[in-house]
Amino acid sequence: MVLFSISRSLSSSVRFQNPKVSIVQFSVVSGDILNHLQENSGNVEKTLSTFKGPLDSKFVSGVLHRCYPSQSHTGLRFFIWAGLQSDYRHTPYMYNKACKLFSISQNPKLLFDVIEAYRAERCSVTVKTFKVVLNLYKQAKLADEALLVLRKMPEFGLRADTTMYNLVIRLFCVKGDMNTAETLMKEMGLIDLYPDMITYVEMAKGFCSVGRLDDAFRLFEVMKEHGCLPDKVLYSVLLHGICKFGNMEKALELLDEMEKEGGSCSPNVVTYTSVIQRFCEKGQTLEALEVLNRMEARNCSPNRVTASCLIERFCLEGRLNEAYKLIDKVVKGGGVSYEECYSSLVVSLKRNERTEEAEKLFRKMLDGGLKPDGLACSIMIKELASGGRVVDGYELCDEIEKMGYLTSIDSDLYSLLLVGLCERNHSVEAVKLVKLMLMKKIKLKSPYIDSIVEILKKSRDEELVNHLTENLKSFIPKVIIDSSN
DNA sequence: ATAGGGTTAG
């Protein structure tokens, strides 16, 4: 029976499924290496030193999956080793993957065990080794552990550099522990490492986020003493901090100062937008528009962020005509397109419960060949799907797809539509949607797949059941991978 | 390294 085979394929795929197709490709290249790794787990780096061949993220991720879950130690040592190779560099994505796979946040000790193993086995350890470890803690957002790593370096006769201090300082700033961050910054000076612009920007951001504006401003003096001149980025951080705490007069003074200073301190679109946004939030639309004029007068073009907060504001006040005029004006500046602005307007209208107008504008965009952005599409499709117009939602999805729309809509929406279509027995659309999902490699998340299986069990539509079963079979294993990491 | 509405995929 068809239904039986679905649930059987579901449960067997939980137990036996083998992560990714790439594993197969990679086994051909490196199966030996992996087997060696697993046999001589004590000598990972020595085994790896015999490895010759291209190292890429696919390969690295394949090995990591092989080591999961019982060989975390080996997996991490492989990951660190890979990060040391000159022809390869882990991307943040890969750090994140390793971090999630081996649950570094829950098991921070794993990495200390690796460091201890290096010591016990007299492995060669360099500054770069510690950098890879630090980056793993960065992904895991573990400030204390990252600091311990920094403290371990001298035991290996190594010294941290400015980027490593910056990484740890950043973690403490994010955590809001500005005292430790400050101690670390001072410590840099003691060991002949000078804080750089990145250090100061992080510190300024950190101080602002905990409301220590005076300390943030004091950085101006500290950095100048060290021969590091403040630039627009640092100024912008401080300006943002002042805005956030509501002192708009002081914010405008600082903006003045930046304009007068000029050069590398000259405000840019981020600086102005930050001020405009705060005025909008406070309901001071007039002041926001003055800042807009001011930036345009200085040849600084508003971008999507600038435009969208003003559009949002006009929309909230019901000043739609002015929103349209504003759009014409900012688009002329060249920093933002009609597509982006109208998309923002669609989003704002919907947020202000002017759904019908949002839909009208959205339709107008499609008919005029303007591509709405991901958020606007997601919002409109969701509106249709949850408002009992599932088929319309699907058709909209299909229409957007046919426009060659590359940026994706919220991936949950495909699942939501699929469930809706199945529930209402729209077999033809459901089958088409599944095919689209397969083509776009959209994964079905576990709560949705349960609903689908339930629906199929009850369905008398044999054609639907046959088609979906056939199609779902091929991506159920992927679902299992996704829910496991 | 600065704003933000959730910005590729790996």
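Keep in mind that this is a model prediction, so the values were computed, not measured. Residue numbers begin at 1 in each chain, while the letters A, B, ... track the order of the sequences. The analysis underlying the following values was restricted to heavy atoms, covering all of them including side chains, and did not include hydrogens, waters or symmetry mates.
- Counting non-hydrogen atoms under 4.0 angstrom, A:Asn166 reaches nothing in the nucleic acid.
- Toward the 5′ end of DNA chain B lies the nearest nucleotide of A:Ser378, the other residue of the pair A:Ser57 and A:Ser378 mapping further downstream.
- Across all strands, A:Thr273 comes closer than 4.0 Å to base atoms (heavy-atom distances).
- Atom pair A:Asn96:CG and B:dT8:P shows a separation of 13 Å (rounding to whole Å applied).
- Whole-Å rounding puts the A:Lys232 NZ to B:dT2 P distance at 15 Å.
- On the P atoms, B:dG4 is 24 Å away from B:dA9, given to the nearest whole Å.
- Straight-line distance from the CD1 atom of A:Ile198 to the C1' atom of B:dA1: 5 Å, rounded to whole Å.
- Considering only side-chain atoms of A:Tyr93, the nucleotide from B:dG10, B:dT2, B:dA1 that sits closest is B:dG10.
- Residues passing the salt bridge (charged side-chain N to carboxylate O under 4.0 Å, His left out) test with A:Glu145, sequence neighbours excluded: none.
- In this structure, NZ of A:Lys100 is placed 12 Å from C1' of B:dG10, rounded to the nearest angstrom.
- In this structure, A:Leu229 atom CG and B:dA1 atom C1' are separated by 16 Å, rounded to whole Å.
- For the side-chain hydrogen bond (donor to acceptor under 3.5 Å, both in side chains) with A:Glu340, the qualifying choice from A:Ser344, A:Ser343, A:Ser337 is A:Ser337, the only one to do so.
- Near-neighbour residues of DNA chain B inside residues 326-357 of chain A, defined by a heavy atom below 4.0 Å, number-ordered: A:Ser344, A:Arg351.
- Considering only residues two or more places apart in sequence or on other chains, A:Thr183 meets the side-chain contact (heavy atoms from CB on, under 4.5 Å) condition with none of them.
- Rounded to whole Å, the distance from CG on A:Leu239 to P on B:dG4 is 12 Å.
- Residues satisfying the side-chain hydrogen bond (donor to acceptor under 3.5 Å, both in side chains) criterion with A:Glu399, sequence neighbours excluded, are A:Arg363.
- A straight line from CD of A:Glu281 to P of B:dG4 spans 7 Å, rounded to a whole angstrom.
- For A:Tyr272, there are no ring pair (Phe, Tyr, Trp, His ring centres under 6.0 Å) partners at least two apart in sequence or on another chain.
- Non-hydrogen atoms lying under 4.0 Å from DNA chain B are contributed by A:Asn303, A:Arg304, A:Val305, A:Ser308, all within residues 302-322 of chain A.
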Output a table of donor-acceptor pairs, distance under 3.5 Å, between side-chain atoms of residues 283-292 of chain A and any protein atom two or more places apart or on a different chain; print 'none' if there are none.
from: A:Thr285; atom 1: OG1; to: A:Arg313; atom 2: NE; distance (Å): 3.1
from: A:Thr285; atom 1: OG1; to: A:Glu317; atom 2: OE2; distance (Å): 2.5

Under 3.5 Å, which donor-acceptor pairs link side chains of residues 207-215 of chain A to any protein atom two or more places apart or in another chain?
from: A:Ser209; atom 1: OG; to: A:Lys205; atom 2: O; distance (Å): 3.4
from: A:Ser209; atom 1: OG; to: A:Gly206; atom 2: O; distance (Å): 2.9
from: A:Arg212; atom 1: NE; to: A:Asp215; atom 2: OD2; distance (Å): 2.8
from: A:Arg212; atom 1: NH1; to: A:Asn179; atom 2: OD1; distance (Å): 3.2
from: A:Arg212; atom 1: NH2; to: A:Asp215; atom 2: OD2; distance (Å): 3.2
from: A:Asp215; atom 1: OD1; to: A:Arg218; atom 2: NH1; distance (Å): 2.8

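- Looking at A:Thr163 and A:Asn166, their side chains never bring a donor and an acceptor atom within 3.5 Å of each other.
- Among the protein residues, A:Asp196 comes within range of no part of the nucleic acid, since none of its heavy atoms lies under 4.0 Å from any strand.
- Taking every side-chain heavy atom of A:Thr91 into account, B:dG10 is the closest of B:dG10, B:dT2, B:dA1.
- The phosphate of B:dT2 has OP1 or OP2 within less than 4.0 Å of a side-chain N or O from A:Lys205.
- Note: CG (A:Asp56) to P (B:dG10) measures 12 Å, nearest angstrom.
- Donor-acceptor pairing under 3.5 Å is recorded for the side chains of A:Asp196 and A:Thr199.
- Annotation: side-chain hydrogen bond (donor to acceptor under 3.5 Å, both in side chains) contacts of A:Arg159 (sequence neighbours excluded): none.
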